[in-house]
Novice: 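Take a look at the following structure, please.
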Amino acid sequence: MHSLDPLDLYSIADELTDEERMIRESVARFVDQKALPIIAECFDEGRFPTELIPEIADLGLLGSSLEGYGCAGLNGVSYGLICQELERGDSGLRSFVSVQSSLCMYPIHAFGSEEQKETWLPKMAAGEVIGCFGLTEPHGGSDPANMKTHARRDGEDWILNGAKMWITNGTLAQIAIVWARTEDGIQGFIVETDSRGFEARDIKAKMSLRASVTSELYFDNVRVPESNRLPKVKGLKGPLSCLNQARYGITWGPIGAAQACLDETLRYTADRELFKRPLAANQAVQLRLADMARRITAAQLISLRLGRLKDAGRMHPTQVSLAKWNNVRMALDIARECRDLLGGSGITLEYVPIRHMLNLESVITYEGTETIHQLVVGRELTGLNAF
Ligand code: TGC
Ligand code: FAD
């Protein structure tokens, strides 16, 4: 009966190059064989599967779109497909790779000295050094311009004081990219996490992104050498440029989460018989499934177009905002619908929707909340800043 792939109704796969298709397939294989068998248990136990890091690195997924320094130098669409397949497994896996690649390796590559690049990037690509990215502070993440963490010059060093909140990979990391206020504006520092005065504590009792490490960072007179300051950027555009990269990947990731939910729900509603017919044979159910396919297709087309714009050097931050808003909202709504269509079974970790649904509650908040992205689009349309 099927002539189209239900998870790819518009044959997006045909629009990919051979290399892009091969990358997607190799990450999909890794997710199917290595991640899916353990991820529900990791979520239940509230632990990130660190045992997968070496294979993630061997596949070239860390800093995959950077050139040189042991990185794979792939294009933007390939990075998007990597995010999509990882998030088909779990948002925590994609988060790990987003933070390492877009929020830690990217700023070193874009804003670091040659010495910083040579010191850190090859080890980060190999998964031997893990990074975290400290922008958000406890008093309000949406408004990073109101940052309190500060660094003052002391001879050849800087002295860092303050705190960061909700930091992915915080207690796993050997280095933290920390954004701090200085006399000369906001600047970025590579803070080695074994420095005196640095402390990272895990945030417990999370109901979302349970297979991911989320931490608080504290800096109590941490001494950072001038050689660890990122020399090539000043101001909020430094961290916001990193966010453009990560948010771009996040437009793809939730497509994978939504596909996983729809895939399982198609099988479940075909097998389950109620009122003497398969659940999927009801019009009210098919309307819901069709709507999911419609929204996934629209998201796929948006991300592919965005990726091609990125690879042509023409991606605009407002386009990223629209795509992040649309695609995360799409996936969260679909995960909730699928959870419902699975009835009571939908509340267990035996099926994927509730895990994706809970994860996506974080994804819609981090990297700019849904409202922030709506306001970015509003500002573009009207020329009026409503923040
Ligand atoms: P605004 O006054 O508009 O701009 C300040 C400076 O930044 C420049 N800029 C950008 N540069 C690059 N990319 C962008 N997207 C940029 N947006 C603005 C701008 O040109 C200006 O530069 P200059 O040279 O003139 O000084 O900034 P604003 O203060 O009005 O802020 C606007 C707003 C609200 C959009 C921004 O503050 C924002 O995006 N807030 C949300 C913060 C956020 O997304 N935090 C995310 C933290 S990291 C995270 O969540 C990681 S989760 C990781 C995971 O696990 O996957
Ligand atoms: P707030 O900024 O306090 O926002 C609260 C509510 O107010 C939201 O609904 C928001 O949309 C709304 N709001 C804000 N401003 C306006 C306005 N002008 N008009 C209308 N409504 C508004 N940060 C990092 O730096 N590094 C990380 O690695 C990282 N990882 C994270 C991992 C997880 C699991 C989570 C949950 C968060 C992570 N974050 C990270 C932080 C994340 O970026 C912030 O949570 C996010 O930016 C929102 O900040 P906030 O939580 O302080 O909410």
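Everything numeric in this text was worked out from a predicted model, so none of it was measured. Start at 1 and go down the list; that is how both ligands and their atoms are numbered.
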Novice: So which heavy atom in the protein is nearest atom 21 (C) of ligand 1, and how far is it from that ligand atom?
Specialist: Lys237 CB, 4.7 Å
Novice: With a cut-off of 4.0 Å, which atoms of ligand 2 are near a heavy atom of Leu209?
Specialist: 34 (C)
Novice: In terms of atom number and element, which parts of ligand 1 are under 4.0 angstrom from non-hydrogen atoms of Pro317?
Specialist: 15 (N)
Novice: For Ser98, is at least one N or O under 3.5 Å away from an N or O on ligand 1?
Specialist: no
Novice: What residues, two or more places apart in sequence or in another chain, satisfy ring pair (Phe, Tyr, Trp, His ring centres under 6.0 Å) together with Tyr79?
Specialist: none
Novice: When you look for heavy atoms under 4.0 Å from ligand 1, do you find them on the side chain of Leu240, its backbone, both, or neither?
Specialist: both
Novice: Below 4.0 Å from ligand 1: does a non-hydrogen atom of Leu103 turn up there or not?
Specialist: yes
Novice: Report the C-alpha distance between Thr149 and Asn161 in whole Å, list the side-chain angles of each, state the deciding distance to 0.1 Å, and finish with yes or no for side chain to side chain donor-acceptor pair (under 3.5 Å).
Specialist: CA-CA 6 Å; Thr149 297; Asn161 278 287; over 6 Å; no
Novice: Regarding Asn359 and Ser208, is there a side-chain donor-to-acceptor distance under 3.5 Å anywhere?
Specialist: no
Novice: Between Glu199 and Lys164 (salt bridge meaning N to carboxylate O under 4.0 Å), is one present in this structure?
Specialist: no
Novice: I need the atoms of ligand 1 closer than 4.0 Å to a non-hydrogen atom of Thr136, numbered in the order shown.
Specialist: 47 (C)
Novice: Does atom OH of Tyr218 have more than 12 heavy-atom neighbours from other groups under 6.0 Å away?
Specialist: yes
Novice: Give a yes-or-no answer on whether the side chains of Thr136 and Tyr366 include a donor-acceptor pair shorter than 3.5 Å.
Specialist: no
Novice: Near Arg94, which atoms of ligand 1 are under 4.0 Å from a heavy atom of that residue?
Specialist: 56 (O)
Novice: Which residue holds the protein heavy atom closest to atom 28 (O) of ligand 2, what is that atom called, and what is the gap in Å?
Specialist: Thr168 N, 3.0 Å
Novice: Can you check which of Gly368, Ser321, Gly185, Gly141 brings a heavy atom nearest to atom 42 (C) of ligand 1?
Specialist: Gly141
Novice: Does ligand 1 have an atom under 4.0 Å from some heavy atom of Arg379?
Specialist: yes
Novice: Which one holds for Gln100 and ligand 1: side chain close, backbone close, both close, or neither close, with close meaning a heavy atom under 4.0 Å?
Specialist: neither
Novice: Quick one: which of Cys132, Pro144, Ala386, Ala246 has a heavy atom closest to atom 37 (O) of ligand 1?
Specialist: Pro144
Novice: To which protein heavy atom is atom 4 (O) of ligand 2 closest, and what is the distance rounded to 0.1 Å?
Specialist: Ser142 OG, 3.7 Å
Novice: What protein heavy atom sits nearest atom 27 (O) of ligand 1, and how far off is it?
Specialist: Leu236 CD2, 4.2 Å
Novice: At less than 4.0 angstrom from any non-hydrogen atom of Leu135, what atoms of ligand 2 do you find?
Specialist: 25 (O)
Novice: Considering heavy atoms of the protein only, find what lies nearest to atom 13 (N) of ligand 1 and give residue, atom and distance to 0.1 Å.
Specialist: Asn244 ND2, 2.8 Å
Novice: Judged by atom type as modelled, is there a donor-acceptor pair below 3.5 Å linking the side chain of Lys232 to the main-chain atoms of Gly112?
Specialist: yes
Novice: Considering only non-hydrogen protein atoms, determine which one is nearest to atom 49 (C) of ligand 1 and report residue, atom name and distance to 0.1 Å.
Specialist: Glu367 N, 3.7 Å
Novice: Does one side chain, of Glu192 or Asn228, offer a donor that lies under 3.5 Å from an acceptor on the other?
Specialist: yes
Novice: Give the numbers and elements of all ligand 2 atoms closer than 4.0 Å to a heavy atom of Thr369.
Specialist: 10 (C), 11 (O), 48 (C)
Novice: Can you report which non-hydrogen protein atom sits closest to atom 24 (C) of ligand 2, along with the distance?
Specialist: Thr136 OG1, 3.3 Å
Novice: Taking atom 48 (S) of ligand 1 as the point of reference, which of Leu243, Val97, Val320, Val363 owns the nearest heavy atom?
Specialist: Leu243
Novice: Do the charged groups of Asp184 and Lys234 touch, with an N to O distance under 4.0 Å?
Specialist: yes
Novice: Could you tell me, atom by atom, which parts of ligand 2 come under 4.0 Å of a heavy atom of Ile167?
Specialist: 24 (C), 25 (O), 26 (N), 27 (C), 28 (O)
Novice: Any side-chain donor paired with an acceptor under 3.5 Å for Ser78 and Asn75?
Specialist: yes
Novice: Between Val99 and ligand 1, which residue portion shows a heavy-atom distance shorter than 4.0 Å: side chain, backbone, both, or neither?
Specialist: side chain
Novice: Distance alone, cut at 3.5 Å: any donor-acceptor contact between the side chains of Thr251 and Asn327?
Specialist: no
Novice: For atom 52 (S) of ligand 1, what's the nearest protein heavy atom and its distance?
Specialist: Tyr366 CG, 3.5 Å
Novice: Distance alone, cut at 3.5 Å: any donor-acceptor contact between the side chains of Gln187 and Arg229?
Specialist: yes
Novice: What protein heavy atom lies closest to atom 39 (O) of ligand 1? Include the residue and the distance to one decimal.
Specialist: Arg247 NH2, 3.0 Å
Novice: If you have a sec, work out which protein heavy atom is nearest atom 51 (O) of ligand 2 and how many Å separate them, to one decimal?
Specialist: Trp166 NE1, 4.2 Å
Novice: Looking only at protein heavy atoms, which one is nearest to atom 26 (N) of ligand 2, and how far off is it?
Specialist: Phe133 O, 2.8 Å
Novice: Does some non-hydrogen atom of Gly235 fall short of 4.0 Å from ligand 1?
Specialist: no
Novice: Looking at residues at least two apart in the chain, or sitting in another chain, which of them share a ring pair (Phe, Tyr, Trp, His ring centres under 6.0 Å) with Phe111?
Specialist: none
Novice: Atom 35 (C) of ligand 2: which protein heavy atom is closest, and how many Å away?
Specialist: Tyr366 CD2, 3.9 Å
Novice: Could you check atom 19 (N) of ligand 2 against the protein and tell me its nearest heavy-atom contact, residue, atom and distance included?
Specialist: Leu375 CD1, 3.9 Å
Novice: I'd like to know if Arg153 pairs up with Glu183 as an ion pair, taking the criterion as any Lys NZ or Arg NE/NH1/NH2 lying under 4.0 Å from an Asp or Glu carboxylate oxygen.
Specialist: no
Novice: Determine, using ring centers only, whether Phe48 and Phe96 are less than 6.0 Å apart.
Specialist: yes
Novice: In terms of atom number and element, which parts of ligand 2 are under 4.0 angstrom from non-hydrogen atoms of Thr371?
Specialist: 11 (O), 20 (C), 21 (N)
Novice: Should the proximity of Ser142 to ligand 1, defined as any heavy atom under 4.0 Å, be assigned to the side chain, the backbone, both, or neither?
Specialist: backbone
Novice: Does the pair Lys310 and Gln245 meet the rule for a side chain to side chain donor-acceptor pair (under 3.5 Å), with working shown?
Specialist: CA-CA 10 Å; Lys310 185 176 199 301; Gln245 306 301 315; 2.9 Å; yes
Novice: Among Ser212, Gly140, Ser98, whose heavy atom sits nearest atom 3 (O) of ligand 2?
Specialist: Gly140
Novice: Taking only heavy atoms of Glu367 into account, list the atoms of ligand 2 that are under 4.0 Å away from them.
Specialist: 43 (O)
Novice: Tell me whether Asp32 is salt-bridged to Arg88, with the criterion being a basic N under 4.0 Å from an acidic carboxylate O.
Specialist: yes
Novice: For ligand 1, which atoms sit closer than 4.0 Å to a heavy atom of Thr168?
Specialist: 54 (C), 55 (O)
Novice: Could you identify the single nearest non-hydrogen protein atom to atom 32 (C) of ligand 1 and state the distance to 0.1 Å?
Specialist: Phe387 CE1, 4.2 Å
Novice: Please report which non-hydrogen protein atom sits nearest to atom 46 (C) of ligand 2, along with the residue it belongs to and the distance in Å to one decimal place.
Specialist: Thr365 O, 3.4 Å
Novice: Just by distance, no angles: are the side chains of Thr168 and Thr214 close enough, under 3.5 Å, to form a donor-acceptor pair?
Specialist: no
Novice: So if I apply the side-chain contact (heavy atoms from CB on, under 4.5 Å) rule between Trp252 and each of Ile82, Leu304, Leu86, Ile302, which one comes out positive?
Specialist: Leu304
Novice: Give the residue and atom name of whichever protein heavy atom lies nearest to atom 55 (O) of ligand 1, and the separation in Å to one decimal.
Specialist: Ser95 OG, 2.7 Å
Novice: For the residue pair Lys324 and Asn326, confirm or rule out a side-chain donor-acceptor distance under 3.5 Å.
Specialist: no
